[in-house]
Amino acid sequence: MTSTLRRAVAGSVVSALVALSLVVAAPVGPAAAAEEGLAVSAVSRYRLDPAADLVRATMTLDLRNTSKDTKADGGVYAYFFDAYTVPIPAGATDVRASTGGSRLSVRTSGTDDPSTQTVRIGFPALRYDQQRRIVLEFDVPGAPPRSANSTRVGPGYATFVAYGPGDEGRNRVEVIAPSGMSFASTVDGFDTARSGGTATYTATENTFEGGLWATVSLRDPAQVTERAVDVGDLSLTLSAFPDDEQWSRFVAGRVEEGLPVLERLVDTPWPGGLQRIREDASPSLRGYDGWFDPTGDEIVVGEQLDDDLIFHELTHAWVSADTLEQRWLFEGLAQAVAERAVDETGGTPREHRSVGSDDRDAVPLNEWSGDAGSRSADVDAYAYPASYRVMHTLLADTTDAEFAAVVGAAVRGERAYDPPGLVTPSGGRTSWQDWLDLVEDRAGVEGAPELLSTWVLTKEQRALLAPRERERTAYRALDRADGPWLPPEGLRDAMTVWDFDRARQVREAVAPLGPDVAAVQQASARTGLAVPPSVREAYEQAALDPDYRELASTLPATATALRAVGSARDTAARERDPLSDVGTTLLGVRERADAARTSLADGEVGRATTLARESTERAGWALPLGLGLLLLGVVLVVGTTTVVVVAVRRRPQGRHAHALPERSVDPALDPSSGR
């Protein structure tokens, strides 16, 4: 729905006007005050003639003079009526009146309302207690679309004022049309009777003293001009009055140009749920320029060429009662989005009525309710511009990126205490509390609590702001203490739902963990090893007291594991002499260091610590083991050489050795000869 309200009844034309004449029979002295009066009974019938594109109207008026003649100062004062004035639609043709088969004089005059004129019916004097039946007839043609005269009669549709002058209980207004046409009115008092393809809508309760005034709209859903408009994967059908091609062209252009802009401003892809944009006068009869109807998957707007209105209603595909709880939230935010889209596409911005929080009709905006299709109430005239003013003040100074971030977060149902992009499945719709947290945390808006306190909150809700600020201050301190990690889920949830007593209890349980978290993060930074994802997740997702108690041991153990694994890694990777390298290999120092890192990444901090310490301890034995192996090797080599020498000296003779021929040997070359 949009914020512009329309009034069907305007100025003095709402009441029948009469001409009262005074005859002095025998005047003696000054005239005395007279009791005046005219009783009126009426049946006013408006029949739509689709073949002629006309509404044919007949008013049957029964007038009775109730102004008694009076005597005063020797004279008689007689009062009579000789004319009766009735408001009828401007542009009415073939206006004629008769009484008893005789024509009466009629004279039409304009009014300040471009949709209304008056007709003065003259007749012979109607004296006290006399009655006269007058039949007034006229035809109502329609003015062109977007004319100042709001009367419309065209192929398959009609919008006009059905007026009936008459006293309460003696007045009936009938609207007759083909039964296949839909019917809407500015009042809810019409009863429906159908017969032979015709529907008769009848109202008998006056809307003001002296008459019934209702603007009605008839529409044949089969008589439309349709065209498709495609933007990416989206295809919409535009349904216009058959004689209003300009409306179709305008709306198609706004959709094609504006939808990509809206997607960017809302930071969320088109959500679907819309199939049609339909031209119809019925929203204006309920006090609106248009509405988004999610049950019918359609936007319904009037004939006006208003890009702000089209963008506002398109935005309701994202920003609606399905995604935000309070009416002022989704109406004010839809208008803020539309305003930026109008500015970006070079359109004409809407002018908003100025309102104050102390206006006579002002209410805390959190108490404003209603939905699409309901009849506009008096409070709407205040609440629409007030909602816009609050939202504009909150977001006017944000950049496009900040604007999109906070609007997208609200549409997706993100919590202010979670990182951007994280959506809790059970989060539900965004409430005014969520919105206040989001605009402060995601968009950096200052002064938001004071603004909402002035315009939005009830007395009971304002009382929540002080404890909220106290706990938010403490929350920020805790959040700084745990560095880049999120505070535990139990605290974030309590802050999100504004359960500040629980938030305090959780914070008191979590605050002692701050030094342990810092120790883990410092150990990670110094060693270059990542904190096990399961450990960080255990902290950020902790929601119950047992979770917090377990973290009191898990976090110190993780810091210890990080330091031990880092030391083992560095020790295993250190450059060594050949003997130490041999010992390192044989002792499995590197293998245990690698296994420790794997266990740490898997969150097995105890096993990681054990393996890391084993790796470091074994690294200390690498050189002694290498030396021992070297000595053992020397011993083995020496021992092997000795055995070989001894074996040579003791080379055995074969049992069947052959005698070698003797030869002379130079004693100097004989190795067995001594000196």
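Predicted model only: the values in this text are computed from it and were never measured. Sequential numbering from 1 along the given sequence is applied to the chain's residues.
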*Quick one: does E303's side chain have a donor or acceptor within less than 3.5 Å of a partner on R146's backbone?*
yes

*asked:* So does A381 get a backbone contact from the side chain of R353, meaning a donor-acceptor N/O pair under 3.5 Å?
replied: yes

*Set of residues satisfying side chain to side chain donor-acceptor pair (under 3.5 Å) with respect to D62, sequence neighbours excluded*: R133

*Can you list the residues that meet the salt bridge (Lys or Arg N to Asp or Glu O under 4.0 Å) rule with E168, with sequence neighbours excluded?*
none

*Please list, chain by chain and in numerical order, all residues satisfying side chain to side chain donor-acceptor pair (under 3.5 Å) with D230, sequence neighbours excluded.*
S235

*Separation between CZ of R340 and CG of L262, rounded to the nearest 0.5 Å*: 13.0 Å

_All salt bridge (Lys or Arg N to Asp or Glu O under 4.0 Å) counterparts of E339, not counting sequence neighbours_ = none

_Do V301 and D306 have side chains that approach each other closer than 4.5 Å (heavy atoms only, starting at C-beta)?_
no

*Quick one: does L365's side chain get under 4.5 Å of Q326's, heavy atoms only?*
no

_Side-chain (R254) to main-chain (F311) donor-acceptor, under 3.5 angstrom_ = no

*Does P141 reach the side chain of D53, with side-chain heavy atoms less than 4.5 Å apart?*
no

*Nearest 0.5 Å, what's the CZ-OG1 distance between R120 and T85?*
6.0 Å

*Assess whether atom CD of E205 is packed by more than 12 heavy atoms of other residues, nucleotides or ligands within 6.0 Å.*
no

*Main-chain N/O of V355 paired with R389 side-chain donor or acceptor, under 3.5 Å*: yes

_Non-neighbouring partners of S248 that pass side chain to side chain donor-acceptor pair (under 3.5 Å), sequence neighbours left out_ = none

_Set of residues satisfying side chain to side chain contact (heavy atoms under 4.5 Å, CB included) with respect to V379, sequence neighbours excluded_ = V363, W368, A377

*Is any side-chain heavy atom of Y163 less than 4.5 Å from a side-chain heavy atom of Y46?*
yes

_Can a side-chain donor-acceptor contact be found between S115 and S150 if the only test is distance below 3.5 angstrom?_
yes

*asked:* Run the side chain to side chain donor-acceptor pair (under 3.5 Å) test on S41 and R170 for me, step by step, so that the C-alpha distance in whole Å, both residues' side-chain angles and the decisive distance to 0.1 Å come before the verdict.
replied: CA-CA 5 Å; S41 299; R170 304 175 65 190; 2.6 Å; yes

_Heavy-atom side-chain contact between W213 and T186 under 4.5 Å_ = no

_side chain to side chain donor-acceptor pair (under 3.5 Å) partners for D308, two or more places apart_ = Q335, R350

*How close do P87 and T116 get, heavy atom to heavy atom, and via which atoms?*
CB-CG2, 3.9 Å

*Given side chains that start at C-beta, do those of V55 and T151 come closer than 4.5 Å, heavy atoms only?*
no

*asked:* Please check: side-chain N/O of T345 versus main-chain N/O of G258, any donor-acceptor pairing under 3.5 Å?
replied: no

_Minimum-distance pair of heavy atoms, taken over all atoms of T430 and G413_ = OG1-CA, 3.9 Å

*Sub-3.5 Å donor-acceptor pair from the side chain of N171 to the main-chain atoms of G164, do we have one?*
yes

*Looking at CD of Q433 and CG of L457, how far apart are the two atoms once the value is rounded to the nearest 0.5 Å?*
8.5 Å

*asked:* Checking D139 now: which residues fulfil salt bridge (Lys or Arg N to Asp or Glu O under 4.0 Å) with it, not counting sequence neighbours?
replied: R56

*For residues R278 and S239, is any side-chain donor paired with an opposing acceptor at under 3.5 Å?*
no

_V411 and V319: CA distance, side-chain angles, deciding distance, side-chain contact (heavy atoms from CB on, under 4.5 Å) verdict_ = CA-CA 6 Å; V411 169; V319 180; 4.0 Å; yes

_Polar side-chain atom of E402 near backbone of T399 as donor-acceptor pair, under 3.5 Å_ = yes

*asked:* Rounded to the nearest 0.5 Å, what separates atom CG in L451 from atom CG in L436?
replied: 9.5 Å

*Which pair of heavy atoms, one from A97 and one from I121, lies closest together, and at what distance?*
CB-CG2, 3.8 Å

*asked:* Please report the interatomic distance OG(S102) to CZ(F123), rounded to the nearest 0.5 Å.
replied: 14.0 Å

*For S185, all residues meeting side chain to side chain contact (heavy atoms under 4.5 Å, CB included), sequence neighbours excluded*: F183, V187, F190, A214, V216

*Please name all residues satisfying salt bridge (Lys or Arg N to Asp or Glu O under 4.0 Å) with D94, sequence neighbours left out, ordered by chain then number.*
R96

_For T204, give me all partners under side chain to side chain contact (heavy atoms under 4.5 Å, CB included), at least two apart in sequence or on another chain._
R172, T202

*Considering non-hydrogen atoms only, spot the tightest contact between A184 and L285 and give its length.*
O-CD1, 3.4 Å

*Kindly give the heavy-atom pair with the smallest separation between R132 and T99, and that separation in Å.*
CG-OG1, 3.5 Å

_Classify the ring geometry of W455 against Y382: parallel below 30°, tilted from 30° to 60°, perpendicular beyond 60°._
parallel

*From L265 atom CG to T315 atom OG1, the distance as rounded to the nearest 0.5 Å*: 8.0 Å

*Using atom types as modelled and distance alone, determine if a side-chain donor or acceptor of E313 lies under 3.5 Å from a backbone N or O of I299.*
no

*Taking only Lys NZ, Arg NE, NH1 and NH2, and the carboxylate oxygens of Asp or Glu, determine whether D380 and R327 approach each other closer than 4.0 Å.*
yes

_Test item: I134 and M59 side chains (from C-beta on) under 4.5 Å apart, heavy atoms_ = no

*Is the side chain of S320 donor-acceptor paired with the backbone N or O of A317 at a distance under 3.5 Å, no angle test?*
no

*Report the relative orientation of the aromatic rings in Y384 and Y288; use parallel for angles under 30°, tilted for 30 to 60°, perpendicular for over 60°.*
perpendicular

*With sequence neighbours left out, which residue pairs that include part of residues 218-274 fulfil the ring pair (Phe, Tyr, Trp, His ring centres under 6.0 Å) condition?*
Y157-F241, W270-W318

*Atom CZ of R412: over 12 foreign heavy atoms under 6.0 Å*: yes

*Where the side chain of S98 meets the backbone of G101, is there a donor-acceptor pair that is under 3.5 Å apart?*
no

_Could you tell me if S147 and N149 have a donor-acceptor pair between their side chains, going purely by distance under 3.5 Å?_
no

*Does some side-chain heavy atom of L274 sit less than 4.5 Å from a side-chain heavy atom of F292?*
yes

